[in-house]
Q: 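Sharing a structure below in structure tokens format, with a few things to ask.
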Amino acid sequence: MNRVLPAEVIELFLAKAADLEPENAAYRISLSRLQLNLGDYEAARTSLDIDISGMRCYANLQRLKCLFEELCDTERVEECHYEISKLYHEVTTRRGFPDSWD
């Protein structure tokens with residue numbers, strides 16, 4: 001039989017995972033998403049107190065950008081956008097794509 005855990009219990013597990021491996025952005029993203037779903041915006045903001053400069057995962061950067069948009073944190077949205085652009089430029093340059101299609 002499958003049992004569904006209450007969101008508060010899942011939040012405790014995610015918080016413990018983030019504490020045990022603080023550099024794992026996926027744990028913090030999941031924790032923050034759950035906290036936002038529970039309406040705890042301050043906790044979600046605290047959970048996302050991570051350094052994203054040099055982050056190499058496009059998917060995590062996109063997820064973070066969406067979370068920061070939901071939190072109305074324009075400065076962090078721009079930070080994510082910058083890192084996404086930097087990563088995109090690096091990948092396309094390495095593959096030989098032109099900077100523009102003009």
Side-chain angles (χ1 to χ4, degrees):
M1 175 192 307
N2 290 335
R3 213 173 69 184
V4 177
L5 296 173
E8 292 77 10
V9 173
I10 296 170
E11 182 181 15
L12 292 173
F13 285 117
L14 287 172
K16 184 65 174 177
D19 285 343
L20 290 172
E21 200 173 336
E23 69 282 352
N24 188 325
Y27 291 156
R28 294 189 171 277
I29 290 167
S30 296
L31 176 59
S32 179
R33 166 54 45 214
L34 178 62
Q35 290 165 331
L36 281 171
N37 289 347
L38 294 172
D40 193 347
Y41 289 83
E42 199 53 46
R45 192 172 278 110
T46 300
S47 295
L48 293 178
D49 187 21
I50 56 175
D51 179 22
I52 64 169
S53 61
M55 188 175 280
R56 309 282 307 150
C57 180
Y58 178 81
N60 280 345
L61 285 167
Q62 283 291 96
R63 289 180 188 108
L64 284 166
K65 185 178 174 203
C66 290
L67 290 168
F68 289 130
E69 285 172 348
E70 197 167 334
L71 290 166
C72 300
D73 188 339
T74 54
E75 186 176 317
R76 298 297 307 265
V77 168
E78 289 301 316
E79 189 179 349
C80 287
H81 181 74
Y82 173 77
E83 292 299 324
I84 289 167
S85 298
K86 205 166 68 171
L87 187 59
Y88 176 80
H89 183 267
E90 179 185 324
V91 169
T92 56
T93 302
R94 192 173 347 121
R95 291 185 180 164
F97 293 115
D99 285 335
S100 70
W101 296 100
D102 297 335

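The first residue in the sequence is number 1, and the count goes up from there. This is a predicted model, so every value here is computed, not measured.
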Q: Under the salt bridge (charged side-chain N to carboxylate O under 4.0 Å, His left out) rule, what pairs show up with a residue in residues 52-66, not counting sequence neighbours?
A: Arg56-Glu90

Q: By side chain to side chain contact (heavy atoms under 4.5 Å, CB included), which residues pair with Glu42, not counting sequence neighbours?
A: Asp40, Arg45, Thr46

Q: Please enumerate all residues that pass salt bridge (Lys or Arg N to Asp or Glu O under 4.0 Å) together with Glu70, with sequence neighbours excluded.
A: Arg33

Q: Got a list of side-chain donor-acceptor pairs under 3.5 Å for residues 8-25, not counting sequence neighbours?
A:
| unit_1 | atom_1 | unit_2 | atom_2 | d |
| --- | --- | --- | --- | --- |
| Glu11 | OE2 | Gln35 | NE2 | 3.2 |
| Asn24 | OD1 | Ala26 | N | 3.0 |
| Asn24 | OD1 | Tyr27 | N | 3.3 |

Q: Using a 4.5 Å cut-off between side-chain heavy atoms of Ile, Leu, Val, Met, Phe, Trp and Tyr, which other residues end up in the same hydrophobic cluster as Leu71?
A: Ile29, Leu36, Tyr41, Leu48, Ile50, Ile52, Met55, Tyr58, Leu61, Leu64, Leu67, Phe68, Val77, Ile84, Leu87

Q: By side chain to side chain contact (heavy atoms under 4.5 Å, CB included), which residues pair with Ser53, not counting sequence neighbours?
A: Asp51, Glu83

Q: Ignoring hydrogens, what is the shortest heavy-atom contact between Ser47 and Ser32? Give both atom names and the distance.
A: CB-CB, 4.2 Å

Q: Go through it in stages, so that I can follow the logic: the residues are His89 and Lys86, the test is side chain to side chain contact (heavy atoms under 4.5 Å, CB included), and I'd like the CA-CA distance, side-chain angles, deciding distance and then a yes or no.
A: CA-CA 5 Å; His89 183 267; Lys86 205 166 68 171; 5.9 Å; no

Q: Quick check: is Leu5 connected to Leu38 through a chain of hydrophobic side chains (ILVMFWY, heavy atoms under 4.5 Å apart)?
A: yes

